[in-house]
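One structure below.
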Amino acid sequence: MVFKALLEFKTHYETVHLPLIQKLAGADFPLSHRRLYLARPAPGEDNSFPAAVLIGNQDDFAFDAIVELTFTDEAAFKVFFTRRQEAGTKELVDADEEKFLDQTKFKAVVLGEVHETTS
């Protein structure tokens, strides 16, 4: 059942993958590692648990989470991602990601300026 797979994804991310990353990164772990999971509140006719889309199409949301990493500066960002590629670390992280991530849907981008408006 897809819903079970979604719960398993989140559980694995929170209880296995994130602790692994924290352990391997040590003091180089980001200031924050924020995970935002898409709402998938009710099963569709095909029992697929579609995203709660407000604007756009269901096909636009073929992923389950958005992750935001925050670093003190660009140097800290570079150290973290360089460590991710080190021998030993790379193999451990890659092996774990194969258990719960669909690499064909995995994307990453560096953000520029961030503006936030609050009430």
Side-chain angles (χ1 to χ4, degrees):
M1 185 160 115
V2 174
F3 184 67
K4 181 178 177 187
L6 294 173
L7 287 176
E8 289 172 356
F9 168 81
K10 183 178 177 184
T11 299
H12 187 92
Y13 202 126
E14 297 293 328
T15 64
V16 177
H17 191 68
L18 189 58
L20 174 67
I21 299 299
Q22 287 175 302
K23 178 182 173 185
L24 294 171
D28 297 319
F29 190 77
L31 290 175
S32 70
H33 186 294
R34 187 172 176 220
R35 291 144 331 271
L36 299 98
Y37 295 97
L38 272 65
R40 296 182 181 276
E45 291 180 18
D46 62 353
N47 202 32
S48 65
F49 284 84
V53 177
L54 298 176
I55 299 173
N57 300 306
Q58 197 60 229
D59 292 342
D60 296 332
F61 301 94
F63 54 90
D64 295 313
I66 297 170
V67 178
E68 177 184 82
L69 306 179
T70 304
F71 297 90
T72 53
D73 55 25
E74 187 175 348
F77 160 78
K78 288 179 178 178
V79 167
F80 177 78
F81 279 96
T82 298
R83 289 201 56 199
R84 163 63 174 89
Q85 298 304 318
E86 289 176 352
T89 298
K90 180 178 181 359
E91 292 79 11
L92 287 171
V93 175
D94 287 352
D96 186 56
E97 288 180 349
E98 286 178 17
K99 296 176 185 175
F100 78 110
L101 290 181
D102 179 347
Q103 291 295 340
T104 66
K105 296 178 182 177
F106 188 83
K107 309 286 186 241
V109 66
V110 176
L111 298 177
E113 290 184 41
V114 175
H115 299 263
E116 181 177 1
T117 304
T118 60
S119 58

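All residue numbers in this chain count up from 1 along the given sequence.
Taking the side chain to side chain contact (heavy atoms under 4.5 Å, CB included) definition, one finds that A95 meets it with nothing, sequence neighbours left out. In this structure T72 satisfies the side chain to side chain donor-acceptor pair (under 3.5 Å) test with no other residue, sequence neighbours excluded. Here N57 pairs with D60 under the side chain to side chain contact (heavy atoms under 4.5 Å, CB included) rule; sequence neighbours left out. Under the side chain to side chain donor-acceptor pair (under 3.5 Å) criterion, E113 pairs with H115, not counting sequence neighbours. Residues passing the side chain to side chain contact (heavy atoms under 4.5 Å, CB included) test with Y37, sequence neighbours excluded: F9, K10, Y13, E14, R35, A65. Among residues two or more places apart in sequence or in another chain, the side chain to side chain donor-acceptor pair (under 3.5 Å) test is passed with T11 by none. Scanning for side chain to side chain contact (heavy atoms under 4.5 Å, CB included) contacts around A25 gives F29, F80, with sequence neighbours left out. The ring pair (Phe, Tyr, Trp, His ring centres under 6.0 Å) check on F77 picks up F71, F81, with sequence neighbours excluded.
In terms of heavy atoms, T89 sits closest to L24 at CG2-CD1, 4.0 Å. The two residues E91 and E86 come nearest to each other via the heavy atoms OE1-O, 4.1 Å.
In the hydrophobic cluster analysis, where Ile, Leu, Val, Met, Phe, Trp and Tyr join through side-chain heavy atoms closer than 4.5 angstrom, F106 is grouped together with L92. F63 and L101 fall into different hydrophobic clusters, where Ile, Leu, Val, Met, Phe, Trp and Tyr are joined by side-chain heavy atoms under 4.5 Å apart, directly or via other members. Put simply, L38 and V53 are part of the same group of oily side chains (I, L, V, M, F, W, Y) that touch within less than 4.5 Å, one to the next.
Listed by first and then second residue, the side-chain hydrogen bond (donor to acceptor under 3.5 Å, both in side chains) pairs involving residues 75-84 are D28-R83, E74-K78, R84-D94, R84-E97 (not counting sequence neighbours). Among pairs with a residue in residues 15-24, those fulfilling side-chain hydrogen bond (donor to acceptor under 3.5 Å, both in side chains) read H17-D96, at least two apart in sequence or across chains.
Formation of a donor-acceptor pair under 3.5 Å by the Q58 side chain with backbone atoms of A51 is found in this model.
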